[in-house]
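Quick caveat, the model's predicted, so the values are computed rather than measured.
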Amino acid sequence: MKTTILLSFIFITLFFNTNAQEKSLFNGKDLTGWHIDVPAMDKDPKLKNPFIIRNGLLVSLGEPQGHLITDAVYENYRIEVQYRFAGKPGNCGLLLHASTPRALYGMFPKSIESQMMHKNAGDFWCIVENIEVEDMEKRRGPKENWGTTEGKERRVMNLTDTSEKPLGEWNTMVVECLNDHIKVWVNGDMVNHGFHCTAQKGHIALQAEGAEVEFRKVVLTPIKKLTE
């Protein structure tokens with residue numbers, strides 16, 4: 001009897017300690033913990049903020065284009081994002097290890113993007129940072145074209161474009177960042193695994209990039225190893 005009680009106590013303790021590590025980056029009410037960077041609003045402050053709360057969801061309206069960026073810097077974590085295109089399919093992204101704002105095209109912060117664009121979810125985009133994968137030339141193109149700035153081949157294609165749910169349904173993207181590795185799953189499929197990343201910590205950002213996207217979950221958990 002005592003052994004059973006002790007084991008139950010250990011299980012409950014481990015369960016709650018594990019869950020206590022999870023941190024929701026979105027409170028369902030406002031944008032506490034985030035700040036926006038929307039270049040067009042510099043010239044016209046009256047423009048509508050493209051990031052709003054609607055019916056308990058975090059919504060990227062897509063225009064004017066820019067980024068919603070965490071105030072805090074993170075490293076060695078797993079982030080789970082549940083999202084869907086609210087209307088027409090289009091483009092969006094989850095930016096990892098973000099640092100210098102407007103480092104590319106006067107818009108994108110220095111980072112590695114985990115792509116959410118419809119039918120391309122899980123691609124990497126190098127934004128003044130770099131990452132490598134297996135079969136680099138097959139997935140990024142000729143080596144002489146590689147780069148991290150304007151005019152260079154910055155896209156690293158994912159392993160499958162068939163992992164997304166039909167439009168209107170919720171997708172789950174899970175990304176693990178540990179040291180110089182980044183691993184991406186879309187709806188349970190491992191779609192990308194990069195290494196030798198030139199950044200290992202930074203802010204996390206969501207994009208407004210032309211299409212309306214709803215987010216119902218943005219949860220971060222510290223990790224010490226990658227999921228196999």
Side-chain angles (χ1 to χ4, degrees), residues 37-40 50 60 62-69 73-75 77 79 81 83 85 88-164 171 173-187 189-211 213 226:
D37 183 37
V38 180
S60 169
E63 296 289 348
Q65 296 190 21
H67 296 84
L68 181 67
I69 305 169
V73 167
Y74 298 98
E75 63 180 320
Y77 60 85
I79 184 167
V81 178
Y83 71 98
F85 289 95
K88 295 180 179 179
N91 203 359
C92 193
L94 172 67
L95 272 55
L96 312 160
H97 304 328
S99 58
T100 307
R102 307 186 190 184
L104 183 76
Y105 295 114
M107 170 69 70
F108 302 92
K110 190 176 181 181
S111 58
I112 296 291
E113 177 182 354
S114 180
Q115 178 68 275
M116 290 177 169
M117 184 179 186
H118 181 56
K119 294 187 178 181
N120 292 279
D123 287 354
F124 287 134
W125 279 86
C126 298
I127 305 175
V128 201
E129 296 286 6
N130 197 54
I131 197 165
E132 299 177 21
V133 297
E134 300 291 345
D135 302 322
M136 259 311 252
E137 292 205 57
K138 179 180 178 181
R139 296 171 57 193
R140 193 169 179 174
K143 189 172 183 178
E144 60 268 22
N145 296 334
W146 298 352
T148 64
T149 56
E150 292 89 341
K152 298 295 184 178
E153 184 54 72
R154 299 181 294 106
R155 179 190 182 193
V156 182
M157 295 176 64
N158 64 38
L159 296 170
T160 168
D161 279 337
T162 60
S163 298
E164 295 174 55
N171 292 288
M173 175 176 284
V174 175
V175 181
E176 292 185 351
C177 299
L178 184 72
N179 301 324
D180 64 349
H181 284 249
I182 299 177
K183 203 168 184 178
V184 184
W185 292 262
V186 175
N187 297 320
D189 295 339
M190 201 283 285
V191 299
N192 226 332
H193 182 189
F195 46 87
H196 295 162
C197 185
T198 54
Q200 298 186 23
K201 64 181 179 180
H203 303 275
I204 295 168
L206 298 171
Q207 292 184 316
E209 201 172 6
V213 184
L226 293 172

Worksheet entry | Contact check, side chains of Glu209 and Phe108, non-hydrogen atoms, under 4.5 Å | yes
Worksheet entry | Minimal non-hydrogen separation, Gly122 against Asn192, with atom names | O-ND2, 2.8 Å
Item to complete: Classify the angle between the aromatic ring planes of His97 and Tyr77 as parallel (below 30°), tilted (30 to 60°) or perpendicular (above 60°).
Response: perpendicular
Item to complete: Measure the spacing between CD of Glu176 and CG of Leu96 and express it to the nearest 0.5 Å.
Response: 12.0 Å
Worksheet item: Do any N or O atoms from the side chain of Glu150 and from the backbone of Tyr105 form a donor-acceptor pair under 3.5 angstrom?
Response: yes
Worksheet entry | Side-chain donor/acceptor of Ser111 to backbone N/O of Pro109, under 3.5 Å | yes
Response to the item:
For Cys177 and Ile182, the nearest pair of non-hydrogen atoms, with its separation, is SG-CG1, 4.1 Å
Worksheet item: Which atom pair, heavy atoms only, marks the closest approach of Lys152 to Gly147?
Response: CB-CA, 3.4 Å
Discussion item. With rounding to the nearest 0.5 angstrom, report the NE2 to CG distance, His203 to Leu95.
Written reply: 12.0 Å
Worksheet item: Can you tell me how far CD of Glu137 sits from NZ of Lys143, rounded to the nearest 0.5 angstrom?
Response: 7.0 Å
Worksheet item: If you take all heavy atoms of Ala208 and Pro50, which pair is closest and at what distance?
Response: CB-CB, 4.0 Å
Worksheet item: Does Met136 offer a backbone N or O that forms a donor-acceptor pair with the side chain of Glu134 under 3.5 Å?
Response: no
Worksheet item: Taking Asn171 for the side chain and Glu164 for the main chain, is one N or O donor matched with an acceptor at less than 3.5 Å?
Response: no
Discussion item. A side-chain contact here means heavy atoms from C-beta on lying under 4.5 Å apart; do Phe124 and Arg140 qualify?
Written reply: no
Worksheet item: For the atom pair CG (Leu104) and CD (Glu113), what is the distance rounded to the nearest 0.5 Å?
Response: 10.5 Å
Discussion item. Would you call the rings of His118 and Phe85 parallel, tilted or perpendicular, taking 30° and 60° as the class edges?
Written reply: perpendicular
Worksheet item: Does Asp123 use its side chain to pair, donor to acceptor, with the backbone of Asn158 at less than 3.5 Å?
Response: yes
Worksheet item: Is Ile112 close to Ile127 at the side-chain level, that is, under 4.5 Å between some pair of heavy atoms?
Response: no
Practice prompt. Measure the shortest side-chain to side-chain distance between Leu226 and His181 over non-hydrogen atoms and say whether it is less than 4.5 angstrom.
Written response: yes
Worksheet item: Going through the distances and angles, do Gln207 and Cys92 end up as a side-chain contact (heavy atoms from CB on, under 4.5 Å)?
Response: CA-CA 5 Å; Gln207 292 184 316; Cys92 193; 4.3 Å; yes
Item to complete: Could you walk me through whether Asn91 and Gln115 pass side-chain contact (heavy atoms from CB on, under 4.5 Å), step by step?
Response: CA-CA 8 Å; Asn91 203 359; Gln115 178 68 275; 2.9 Å; yes
Item to complete: Drop me the distance from Asp37's CG to Arg102's CZ, to the nearest 0.5 angstrom.
Response: 4.0 Å
Item to complete: Output the distance between atom OG1 (Thr162) and atom NZ (Lys119), rounded to the nearest 0.5 Å.
Response: 11.5 Å
Worksheet item: Which pair of non-hydrogen atoms, one from Val156 and one from Cys126, has the smallest distance, and what is that distance?
Response: CG2-SG, 4.5 Å
Fill in: Worked verdict on Met107 versus His67 for side-chain contact (heavy atoms from CB on, under 4.5 Å)
CA-CA 8 Å; Met107 170 69 70; His67 296 84; 4.1 Å; yes
Worksheet entry | Distance-minimising heavy-atom pair for Val175 and Ser114 | CG2-OG, 3.9 Å
Worksheet entry | Step-by-step side-chain contact (heavy atoms from CB on, under 4.5 Å) determination, Glu63 to Gln65 | CA-CA 5 Å; Glu63 296 289 348; Gln65 296 190 21; 3.2 Å; yes
